[in-house]
Structures are given as structure tokens and as C-alpha cells.
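Below is one structure, written out as C-alpha cells; the observations come after it.
Treat the numbers as computed from the prediction; the structure is a model and nothing was measured. Residue numbers begin at 1 in each chain, while the letters A, B, ... track the order of the sequences.
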Protein chains: 2
Amino acid sequence: MEKCKADNLLKITNTVKTEARETILHAVLDSERPMSANELHLMVKNRGIDLATVYRAMKLFTEKGLVRPVHADSGLTFYEKSCEHNPPHAHFICENCGGIECLKPYGFDESAFFIKLGQQKEVSSVELILKGRCSSCAS
Amino acid sequence: MEKCKADNLLKITNTVKTEARETILHAVLDSERPMSANELHLMVKNRGIDLATVYRAMKLFTEKGLVRPVHADSGLTFYEKSCEHNPPHAHFICENCGGIECLKPYGFDESAFFIKLGQQKEVSSVELILKGRCSSCAS
DNA sequence: ACATCTTTGCAAATGATTTGCAAGTATAAA
DNA sequence: TTTATACTTGCAAATCATTTGCAAAGATGT
């Protein structure tokens, strides 16, 4: 729990701590679903943080393993926190409204599955995206 | 086999047949791996076909179910033929060179897997992408 | 062949993301 | 703590993939 505070995460990942980064990381940690750079910017612009800084932070955090990018068909990239409390999982993207949701854990031994898939290659990450209609758009 | 000829596919999908579309569809059918709009354009530009036309064809073919888009982290979209001979499968994208390859079929009952994943939602398609280093880049 | 609807090339517009740059901020050494 | 050096940031302009407006060319039904 404590270990997931923005402040601490920056420290343990050896990332230079700045007000902007701390603020942006907070925004990511507070979000239950993956957020686009634009959405994150909306959350932090009142503190004078530029969109370019959000993008630079996302790039950095991704390299540090603090966030994971999720790529939607629309061309948008969403970012979600990556920590013990939020292990890799599938995502659902609504083809109608573009909304994104995290799906529950797969419920079977997915690691074996991925290893099997990747046995021919040196796999570093997996992205599993389901597309369809979300409940709001279905009604 | 015969059924997979561009000419025929356009007919059975009720798509107005034009020289450009036939040429572009041929390029897709001939490719073993998913191709970007740019790559396809390189293959057909000598026939005076514009990049915009390639994009328009990809959009149309996707709607008709003739091709499937595959979205890479880089922001590029690749397109692959979609027919009985080429059922949905996972893709491998090299983080180093950006190259894309099709992986062998999963080797277990993936439909049950996807149904299980999508049981909470109305799922229309699935995209499974593994990332890492391809054999050329690994050496 | 005719009239109508569709498709295409070209150029300009978009929209997300990136980059150059000068000014502001962090870090380590003195 | 002051200083020198390296990193970060806001801003504006640049990129890059993809889309769109438009007038000309092509396809379809009569």
C-alpha cells in the first residue's frame, strides 16, 4: 500500500522527482481505468503542467515499469498503473464510444498460456484486447 | 482456393469492383504477413494508386470482413487477409525493428478462452499481441 | 449512349505525439 | 550554501499516420 505512493515509486525506480512527475503519477495511480494523455492532462493542467510534459512522463514511467500503455484501435494510447496491485490483464474497448475498461483476471493459468505462445520468441510483454459494445452502448 | 481470388471476394462481399481495389486486395492476399498502408502503397503506386485510396480500401475491406487490422504500439496499423485459410491468431511485434509476424495457432481451445473472457461483455473481436525481440534483432 | 451514384487522385486538414529551444529546477561537488 | 553541470519544463513548431474536400474519371442501371 504505502509502497504505491507516487513519492516512493519515483524514489525506488531511481527517477528524478519533480512536482510535475509526482502530480502526473498521482493522477495515474488514482485512476481505476487506463487514461489517455489528454485525460491525464485535463487532471493536471490546473497546476500549469503541459501536455508535452504528460507525454514525456508517460514515456519515462513506461520505461521505469510504473505504467503500461494500452493501444486502442482509434489510435489513442491509454496508460494504466503497473504494480503488484494491478497485474497484467485483458482490456475491453467499446467500438461505439471508445471507452476502455479493465477485465477481471483470466481465471486460468495464463502464464503457461503466454509462455506457450511465446516459446518460439523472446517475449517481453503481452497485450490482449477485446472489442465490442459496452453495457451503456448496448442499451 | 479459387474462392480467395480478389475478383471473387469483391463479388461475394457485394463490393463495387474497381481496378484499384482489385490491385490492392491482391497485394494483401499475396502477403504472408500483415502490411501497413504504406507498404501496400509501395506495392501498388506504380499503377498510379494513391495512398488515400489504399486507406479507403482498407477501411472498406475491414467492414466487409476481407481484412483485419492489427494495431502496433508504434501507432502503425497493419492489415492482413481474413478468410478461412487465415483465421484469427496472435501476432508478434519486435520492439526493436517494429517488424510484425503471425504466430502459429494457439494450440488449445481458444474459442472457449475468449468466450470466458468476454462473458461479461458483447465481444466482437479479439486482438492478442506479444512484444519482444525477433530472431534477427536478438542476434 | 444517358443520367446518376461511386470512386479516385491530389492537396490540404486532422489529431495524436514528438521535438527544439531557452528558461527554470535538481544534484553533486566545493 | 553557493556553484557548476545536467536534467526538466512550457511553449510553439514539427512530425507522422490517417482522413477529408473537391472536381474529374469511372461504374451502374435504364
Write down the distance between [atom1] ([X]) and [atom2] ([N]), rounded to a whole number of angstrom.
X	N	atom1	atom2	result
B:Glu63	C:dT7	CD	P	11 Å
B:Met35	D:dT18	CE	P	14 Å
A:Ile24	D:dT8	CD1	C1'	11 Å
A:Asp73	D:dA17	CG	C1'	15 Å
A:Glu22	D:dT8	CD	P	15 Å
A:His71	D:dT18	NE2	C1'	17 Å
B:Ile49	D:dG26	CD1	P	13 Å
A:Met58	D:dT9	CE	P	11 Å

Are the side chain of [X] and the backbone N or O of [Y] linked by a donor-acceptor pair below 3.5 Å?
X	Y	result
B:Ser31	B:Pro34	no
B:Lys131	A:Ser124	no
A:Asn86	A:Lys81	yes
B:Thr62	B:Met58	yes

Open item on the list: Less than 4.0 angstrom from a charged side-chain N to a carboxylate O is my criterion; do B:Glu22 and B:Lys5 meet it?
Closed with: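 Not counted as a salt bridge, because no side-chain N and carboxylate O are separated by less than 4.0 Å.
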
Task: Check ion pair A:Glu80-A:Arg68 (N to O, under 4.0 angstrom) - done: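 Salt bridge flag = yes for A:Arg68 with A:Glu80.
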
Open item on the list: With heavy-atom distances below 4.5 Å as the criterion, would you say the side chains of B:Leu128 and B:His91 are in contact?
Closed with: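 No, too far: nothing below the 4.5 Å cut-off.
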
Open item on the list: If you define the side chain from C-beta out and look only at heavy atoms, does anything of A:Val126 sit under 4.5 Å from B:Ile129?
Closed with: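 No, side chains not in contact.
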
TODO: Mark up nucleotides 12-22 of chain C, 5' to 3', with B wherever a protein heavy atom is under 4.0 angstrom from a base atom, S wherever such an atom reaches only the sugar-phosphate, and - elsewhere.
DONE: ----SBBBB--

TODO: Report the stems of DNA chain C as range-with-range entries sorted by first number; a stem here is at least three consecutive pairs, Watson-Crick or G-U wobble, both distances under 3.5 Å, and write none if there are none.
DONE: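 Stem segments, range with range: C:1-30 with D:1-30.
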
Open item on the list: On the nucleotide C:dT7, are OP1 or OP2 found under 4.0 Å from the side-chain N or O atoms that B:Thr53 carries?
Closed with: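 B:Thr53 to C:dT7 OP1/OP2: no side-chain N or O under 4.0 Å.
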
Task: Residue met sooner reading DNA chain D from 5', once B:Thr18 and A:Arg21 are mapped to nucleotides - done: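 This one resolves to A:Arg21.
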
TODO: May I ask you to check whether over 12 heavy atoms, not counting those of B:Glu63, lie within 6.0 Å of atom CD?
DONE: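 Count over threshold, so yes.
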
